[in-house]
Number of protein chains: 2
Amino acid sequence: MSCEADLAKTLRERGYRITSQRRVILHILRQASDHLTPGEVFRQAQASLPGLTETTVYRTLEFLAQVGLAHAAFGSSGKRAYELSEHAHHHLTCRKCGHEIEIPHERFAALFAALEAENDFSLAHNHITLFGLCKNCQRENEFSSEEQGRRKAD
Amino acid sequence: MSCEADLAKTLRERGYRITSQRRVILHILRQASDHLTPGEVFRQAQASLPGLTETTVYRTLEFLAQVGLAHAAFGSSGKRAYELSEHAHHHLTCRKCGHEIEIPHERFAALFAALEAENDFSLAHNHITLFGLCKNCQRENEFSSEEQGRRKAD
DNA sequence: ATCCTTATTGCAAAAAACTGCAATAAGGAT
DNA sequence: ATCCTTATTGCAGTTTTTTGCAATAAGGAT
Ligand SMILES: [Mn+2]
Ligand SMILES: [Mn+2]
Ligand SMILES: [Zn+2]
Ligand SMILES: [Zn+2]
């Protein structure tokens, strides 16, 4: 109820329509534990909605983002991926292993507010990903450096 | 000289090779006033290097980013675009008109350092784009809201 | 229940990105 | 100057993403 009701309200008010495609895709995003690419959503959605097109998935995902129901992110794959927008957050993503650390938006709030004020700019809901190396992969890097050093010395 | 010398040093040291393709693409990035997409680079590069392939442009651009000579960014087009890495910076980009404001990295340094410390994470050189509305486009939005309000009231 | 407007979808085709593999060419060694 | 190793490129083909347009269907009105 609350899901459907929310959807109805959010969309109808603005003149948008509720379709089976949107319901299915939204449902898939709800189930998902993390970000999903259009391709992944498409494959899952086909099961419940045989006729569905990949084109529609792309457009629906982008639509949901526009309306504010979903948020796009660029993960380590480099491809766009979507997730439902619950609490605002950002990510630290490891370039080696893909491990993701979630950072609550509050951590960025002060800086963002300052940037808005200083630049007469009104920030939208951003969902950023900062790349780097996680704890483990940093260690591995040290190891390989040592090894390389030893090799050269031989 | 300094350009070529830099290039030689940066690449040869690590076992990479200097090729005409890399030189041309790098040269194009140097001329560019702002971020260029692979497609744009390709079109410009073809002039000086007829045989060049689009594939090579993609790979070279990504290569230059890996080596740290270039940096990727996701502009308002949503497509990846590259630029040379001079002083570290980030962007505030308007979703309406595409206007870009450059923010020096220093503005982010403190927060980033804190995030690294708090999460045992080692951030790479990130180049982020925050979307929103520029001064002008914010005003335009107000106007259209007013108009809409009036229309409904009629 | 039926009609109407038009937002949304599917389809077909294009553009953009990515891959595997064999041919090419840097650049260090002789 | 010639040879050799292998990093890099081009080519052909695949996958991913985007676009134009006609057909479809949501949902307000009658
Ligand atoms: Mn997220
Ligand atoms: Mn930039
Ligand atoms: Zn890692
Ligand atoms: Zn603007």
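Please read these numbers as outputs of a predicted model, since none were measured by experiment. Here is how names work: the chains are called A, B, and so on, in the same order as the sequence lines, proteins then strands, and each is numbered from 1.
Comparing A:Ile18 and A:Thr55 by the nucleotide of DNA chain C whose heavy atom lies nearest to each, the residue mapping closer to the 5' end is A:Ile18. Nearest-nucleotide positions on DNA chain D for A:Thr37 and A:Arg59 put A:Thr37 closer to the 5' end. Ranked by how close their nearest DNA chain C nucleotide is to the 5' end, A:Gln21 and B:Tyr16 are led by A:Gln21.
For the pair B:Leu64/B:Tyr82, no side-chain contact is recorded, criterion being any heavy-atom separation below 4.5 Å from C-beta on. Side-chain contact between B:Glu102 and B:His89 is present, with heavy atoms from C-beta onward closer than 4.5 Å. A 4.5 Å side-chain heavy-atom check between A:Thr53 and A:Gln21 finds every atom pair outside the cut-off. In this structure, the side chains of A:Arg23 and A:Thr19 stay at 4.5 Å or more apart for every pair of heavy atoms.
In this structure, OH of B:Tyr58 is placed 15 Å from P of D:dT16, rounded to the nearest angstrom. For A:Tyr82 and D:dT16, the OH to C1' distance is 13 Å, given to the nearest whole Å. Nucleotide D:dT17 holds its C1' atom 15 Å from the CD atom of A:Glu40, rounded to whole Å. When rounded to the nearest whole Å, the span between CG of A:Leu52 and C1' of C:dC11 equals 13 Å. Going from atom CG of A:Leu11 over to atom P of C:dA7 covers 14 Å, rounded to whole Å. One can place NZ of B:Lys79 at 10 Å from P of D:dT17, the figure rounded to the nearest angstrom. To the nearest angstrom, P of C:dA14 lies 16 Å from CD of B:Glu54. Between the CG atom of A:Leu61 and the P atom of C:dT8 there is a distance of 15 Å, given to the nearest Å.
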Secondary structure of DNA chain D in dot-bracket form (Watson-Crick or G-U wobble, distances below 3.5 Å, | marking inter-strand pairs): ||||||||||||||||||||||||||||||
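The A:Arg12 side chain lies nearest to D:dG28 when the options are D:dT18, D:dG28, C:dC11. Of the candidate nucleotides D:dT19, D:dC11, C:dT8, C:dT8 has the atom nearest to the side chain of A:Arg17. Nearest nucleotide to the side chain of B:Arg22, out of D:dT16, D:dG10, D:dT8: D:dT8. When each of C:dA17, C:dT8, C:dG10 is scored by its nearest atom to the side-chain atoms of A:Thr19, the top-ranked nucleotide is C:dT8.
Residue B:Gly51 is classed as a sugar-phosphate contact, given heavy-atom separations below 4.0 Å to backbone atoms only.
An OP1 or OP2 oxygen of D:dT9 is reached within less than 4.0 angstrom by no side-chain nitrogen or oxygen of B:Thr56. A close approach under 4.0 Å does occur between a side-chain nitrogen or oxygen of A:Arg80 and OP1 or OP2 of D:dT18.
A side-chain donor from one of A:His91 and A:His35 sits under 3.5 Å from a side-chain acceptor of the other. A donor-acceptor pair shorter than 3.5 Å can be found between the side chains of B:His105 and B:His90. Side-chain contact, A:His127 with A:Glu83: a donor N or O sits under 3.5 Å from an acceptor N or O.
Geometric assessment of B:Arg22 against the ring of B:Phe63 yields a positive cation-pi assignment under the 6.0 Å and 45° thresholds.
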